[in-house]
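Below is one structure, written out as structure tokens; comments come after it.
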Amino acid sequence: MSRYNVRDNEEHWRRAWAERRAFAVTEDPAKPKYYVLEMFPYPSGRLHVGHVRNYTMGDVLARYKRARGFNVLHPMGWDAFGLPAENAAIASNVHPRDWTYENIAVMGEQLRRMGIAYDWDREIATCHPEYYRHEQKMFLDFLRAGLAYRKESWVNWDPVENTVLANEQVIDGRGWRSGAPVERRRLSQWFFKITEFADDLLNAIKTLDRWPERVRLMQENWIGRSEGARFRFRLSGRPDGIEVYSTRPDTLFGASFVAVSPNHPLAEELARRDPKAAAFIQECNRLGTSEAVIEAAEKLGFDTGLKAVHPFDDGWELPVYIANFVLMEYGTGAIFGCPAHDQRDLDFARKYGLPVVPVVAPPDGDAATFAVADEAYTGPGRMINSRFLDGLDVPDAKRRVVGELERLDAGTGEVQYRLRDWGVSRQRYWGCPIPIVHCEACGIVPVPEADLPVRLPDDVTFDKPGNPLDHHPTWKHVACPGCGAPARRETDTFDTFVESSWYFLRYCSARDPAAFDRKAVDYWMPVDQYIGGVEHAVLHLLYSRFFLRALSRCGYLDMAEPFAGLFTQGMVCHETYQDGDGRWLFPEEVCRGEDGAVVTIEGRRPVAVGRSEKMSKSKKNVVGLEAIVDSYGADTARLFLLSDSPPERDLEWTDGGAEGVWRFINRVWRLVTESPVALPAAEAPRPAVLDADAEAALRLVHKTIRWVTEDLEGFRFNKAVARIREMVNAVAELDPRGAGAGWVLRQGCEATVRLLAPMTPHLSEALWKELGHAPLLVDSPWPAADESLLVDDTVTLAVQVNGKLRGTVELPRDAERGLVERAALALPAVSRLAEGRPPRKVVVVPNRIVNVVV
RNA sequence: GCCCCUGUGGCGAAAUGGUAGACGCGGCAGACUCAAAAUCUGUUGCCCGCGAGGGCGUGUUGGUUCGAGUCCGACCAGGGGCACCA
């Protein structure tokens, strides 16, 4: 019995593809194009099996589409700027650039060994000046077009590290590294005006019909269009007022307080006079900027003592609070609270003893007795306790209130978006420099295009807190491009989402002196199938959609949507292991002891087995690629990643599962190379006689070709693999002495090898040659099913009595109804249950089921 | 807090409203072997029964239907997202 020599074979065929430059493509107007793209990785170190699932899926699609005759663009590159490189620099004293490029080299080699069909000629790294110089030019064009601007905004500030923190770096209100209490702080930053396109970004979601529903929903919620009213409360005893925004102006007569954000100008004004207000605001600022944290925190308020006057009743005064749950970024940073019909307001009112007056009565409730206890009523209904609104339903009341506010010149109806402009400034070193000079005399001056790129300096140190660009002795000192006076460079760098917002355009003409060649982009774009994690469902995808609109407005191209099809794959998970001291252990550090309990290999100490979680370095529950590829080969890893779970769901990596795939690969190898009968030539005609088994197997082969094709088109890789296994089982069971068995076996082997090719390309290429074919399989077309073999002459119908299965009957396909009924009623189990009575009803679903109702 | 998703054998999972558990992992029994590994064969939802067979079963609970894992309502459990990680 031979064993598939995975090492030699995989290496050999990869070389054959490389020598042929099989996956290098150019624009070819004669062929339909297909652009397959997996979200490019951040070069964080080494790949583990969890990383390569989406690349494998993309590769299956790329190879499949190629076999279907498409001109397939399938590129790969590196999202190479980012924080981990700086963390590495601080932790192990390596330069972010060196660290990044070393990781790229390692990970690139790992991807090559997976046999993924990339056009490596188009490889890009976003940290390369030849990449980011174009981004700097785009920024300048955005600036000119009014799509980039500067304003102040709130950030999480670590006072010890002198740096801005991401929400995930804020743990229980403290900086992750320093442990210092985090402050909310105002900083002058660069923004992209994504809100300019809010309406279009929202409306166009409807056109993205090959995107997952859930991603579209997340984007809709993110943009968060709401219709409401913006209006003023006058403040008693003060000349100014408070402008509020509300989506429920209909509930205005249920108002019991007005609240402003801790960062509202009024709050800040009060803080300057009142130390208690200042202390409260400082307390709120401890919460950081995360909406999740703010909204989940206990509702707290500070009574300012000010009174707001109800817009429709001069004699009605409402207390004004500073409240920790009011967000400055949304609406006007101030609200009125109607506790009966908003849960947050209700929690707040209960805490501070404010009135709860219901103003909307549920349609089926009694208006006179309707009261709110501890759950706000947010459903539809008719207005009560609301003067001129009484009796109206909620939408009419909204319109009426807005009309009245407008009549009194107190406010107006307004559409608001939750979407905020995209803050792109980062106080970091390892990012694309923002090409701006700050001059005392001229103000903000763009760097002239001739001076691009503004390169990152190499000689930086990470020994003190803050932004290394700011500490650099010379880099930021330049002459003003306008007046020549001494000036200073912008030391902020771009958010790394900026690079990933247009990299798919760069791939179209990766070495072009311009950002991209318009003709190439027009040929390849949009991306036909984009594949990546759902964690990018909102930001990356929305920013990319914004970028195409912004670039179009600046004359770069004429296109709004970058990704025609989107697929979000699930994560790869693995059990987690911890020793007695709570330290995480790698899977290869543990084994099963004699009694079945998990212990450390060294020392046999007990191990706590945790639940299966996404593979991550921090929890060490990772399986290295090398470990799998060295022992079982890339094809085993690929096939396992595709076979056990539906691609959109999480996959549990198990050693047993991987071994099972390895067994299957060897089974296929032996089926072809050690077939029990001599295979006739590939082009040998069908024998005149096939016995029944051979005929059935042949039909299954052709059905499998059809099913697998449909499954690949529909991203059902796990089912495609199951179908192929079923076919291999059937073909392997053929009696070799049967009439036509050899010929059918040949058909089965050919189909197996070709259908498996996108998933196990190395194995298939090797077996293709074993089957006597000379040209590379990678250049061969996809197999076609023989339509005449797809439909069987007889069908098995299930027979139910009162909905319960009692037997089956074999009948000719499309048998007429009377025959079907008679056959079903003739079943002993049916007549027994009928007890001699005629059936009350017989439901016949042609070719499927008969249900006898007695 | 708000929004969203998922619950099917010991495990990963299949199943246009129509034979629940395809395919695989694991287990059990057997063949080959001096033995083991590898490979192959059989078996494997649960309960009752010697058997033929019967009963029960898709998180819980109601409903729609000739028929519900699938549709609708309520509930329970687990997970994800919420703007400087990428």
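Every chain is numbered from 1, with letters handed out A, B, ... down the list of sequences. Since the structure is predicted, the reported quantities are computational estimates derived from the model, not experimental observations.
The aromatic rings of Tyr632(A) and Trp662(A) lie tilted to each other, with the angle between the two planes from 30° to 60°. Ring planes of Phe494(A) and Phe192(A): tilted class, angle from 30 to 60°.
Checked against side chain to side chain donor-acceptor pair (under 3.5 Å), Glu648(A) has no partners two or more places apart in sequence or in another chain. Judged as a side chain to side chain donor-acceptor pair (under 3.5 Å), and not counting sequence neighbours, the contacts of Ser616(A) are Ser618(A). Checked against ring pair (Phe, Tyr, Trp, His ring centres under 6.0 Å), Tyr55(A) has no partners two or more places apart in sequence or in another chain. Under the ring pair (Phe, Tyr, Trp, His ring centres under 6.0 Å) criterion, Phe191(A) pairs with Tyr149(A), not counting sequence neighbours.
Rounded to the nearest Å, the gap between the P atom of G1(B) and that of C48(B) is 46 Å. Comparing C5(B) with G57(B), their P atoms are spaced 29 Å from each other, to the whole Å. Rounded to whole Å, the P atom of G21(B) lies 12 Å from the corresponding atom of G69(B). Look at the C1' atom in both G55(B) and U41(B): the space between them is 32 Å, to the nearest Å. Look at the C1' atom in both A22(B) and G9(B): the space between them is 14 Å, to the nearest Å. Rounded to a whole angstrom, the distance from the P atom of A77(B) to that of U61(B) is 16 Å. Comparing G45(B) with C40(B), their C1' atoms sit 26 Å apart, to the nearest whole Å. Comparing G17(B) with U64(B), their C1' atoms sit 12 Å apart, to the nearest whole Å.
Heavy atoms of Leu419(A) sit under 4.0 angstrom from at least one base atom. Here Val155(A) lies in heavy-atom contact (under 4.0 Å) with a base. Within 4.0 Å (heavy atoms only), Glu535(A) reaches at least one base atom of the nucleic acid. Residue contacts shown for Glu213(A) are absent, as no nucleic acid heavy atom lies under 4.0 Å away. Across all strands shown, Arg216(A) has no heavy atoms under 4.0 Å from either base or sugar-phosphate atoms. Counting any heavy atom pair closer than 4.0 Å across all strands shown, Arg840(A) reaches no nucleic acid atom. Across all strands, Phe325(A) comes closer than 4.0 Å to no nucleic acid atom at all (heavy-atom distances). Here Gln427(A) lies in heavy-atom contact (under 4.0 Å) with a base. His540(A) comes within 4.0 angstrom of nothing in the nucleic acid, heavy atoms only. Contact annotation for Trp222(A): base contact, defined as any heavy-atom pair under 4.0 Å involving a base atom.
Judged by the 6.0 Å distance and 45° axis criteria, Arg723(A) is positioned over the aromatic ring of Trp707(A). For the pair Arg420(A) and Tyr330(A), the NZ or CZ position fails the cation-pi test of under 6.0 Å to the six-membered ring centre and within 45 degrees of the ring normal.
When each of C84(B), A83(B), G67(B) is scored by its nearest atom to the side-chain atoms of Arg420(A), the top-ranked nucleotide is A83(B). Set against G24(B), C84(B), A83(B), the side chain of Arg725(A) has G24(B) as its closest nucleotide. In the set U19(B), C66(B), A86(B), the nucleotide with an atom closest to the side chain of Thr796(A) is U19(B). The side chain of Arg670(A) lies closest to C40(B) when the candidates are A20(B), C40(B), C66(B). For Lys841(A), taking side-chain heavy atoms from C-beta onward, the closest of the listed nucleotides C66(B), C84(B), G18(B) is C66(B).
Regarding Leu811(A), its CG atom lies at a distance of 16 Å from the P atom of U19(B), rounded to whole Å. Protein atom CZ of Arg667(A) is 11 Å distant from nucleotide atom C1' of U39(B), rounded to whole Å. Note: CZ (Arg806(A)) to C1' (G55(B)) measures 10 Å, nearest angstrom. C84(B) atom C1' lies 13 Å from atom CG of Asp158(A), rounded to whole Å. Regarding Phe494(A), its CZ atom lies at a distance of 18 Å from the C1' atom of A86(B), rounded to whole Å. Atom P of nucleotide A22(B) and atom CG of Asp711(A) are separated by 17 Å, given to the nearest angstrom. Residue Leu541(A) contributes atom CG, which lies 15 Å from atom P of G81(B) at whole-angstrom precision. Rounded to an integer number of Å, the gap from Asn87(A) CG to A86(B) P is 9 Å.
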### Task
Encode nucleotides 1-17 of chain B as B, S and - characters from 5' to 3', where the letter depends on protein heavy atoms closer than 4.0 Å: B to the base, S only to sugar-phosphate, - to neither.
B-SS--S----BSSSB-
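Side-chain contact of Trp669(A) with Glu674(A): a donor-acceptor pair under 3.5 Å is absent, judged by distance alone. Between the side chains of Gln189(A) and Gln427(A), a donor-acceptor pair is found at a separation under 3.5 Å.
A salt bridge is defined here as a Lys NZ or Arg NE, NH1 or NH2 lying under 4.0 Å from an Asp or Glu carboxylate O, and Lys619(A) with Glu613(A) meets this definition. Between Glu291(A) and Arg418(A) there is a salt bridge, with a side-chain nitrogen of the basic residue lying less than 4.0 Å from a carboxylate oxygen of the acidic one.
Here Arg663(A) reaches the OP1 or OP2 of G26(B): one of its side-chain N or O atoms lies under 4.0 Å away. Regarding contacts with the backbone of C84(B), every side-chain N or O of Ser425(A) stays at 4.0 angstrom or more from both OP1 and OP2. Phosphate proximity of G24(B) to Asn729(A): present, with a side-chain N or O under 4.0 Å from OP1 or OP2.
Between the Trp430(A) side chain and the Ala80(A) main chain, a donor and an acceptor come within less than 3.5 Å of each other.
Along RNA chain B, the nucleotide nearest to Pro41(A) and the one nearest to Asn851(A) differ in position, and the one closer to the 5' end is contacted by Asn851(A). With RNA chain B read from its 5' end, the first of the two nearest nucleotides for Phe81(A) and Val850(A) is the one closest to Val850(A).
Side-chain to base pairing of Arg723(A) with C23(B): no donor and acceptor N or O lie closer than 3.5 Å to each other.
Counting only Watson-Crick and G-U wobble pairs whose two distances sit under 3.5 Å, RNA chain B takes part in these stems of three or more pairs: B:1-7 with B:76-82, B:10-12 with B:23-25, B:26-31 with B:39-44, B:45-48 with B:53-56, B:59-63 with B:71-75.
Glycosidic conformation of G9(B) is syn; the angle stays within 90° of 0.
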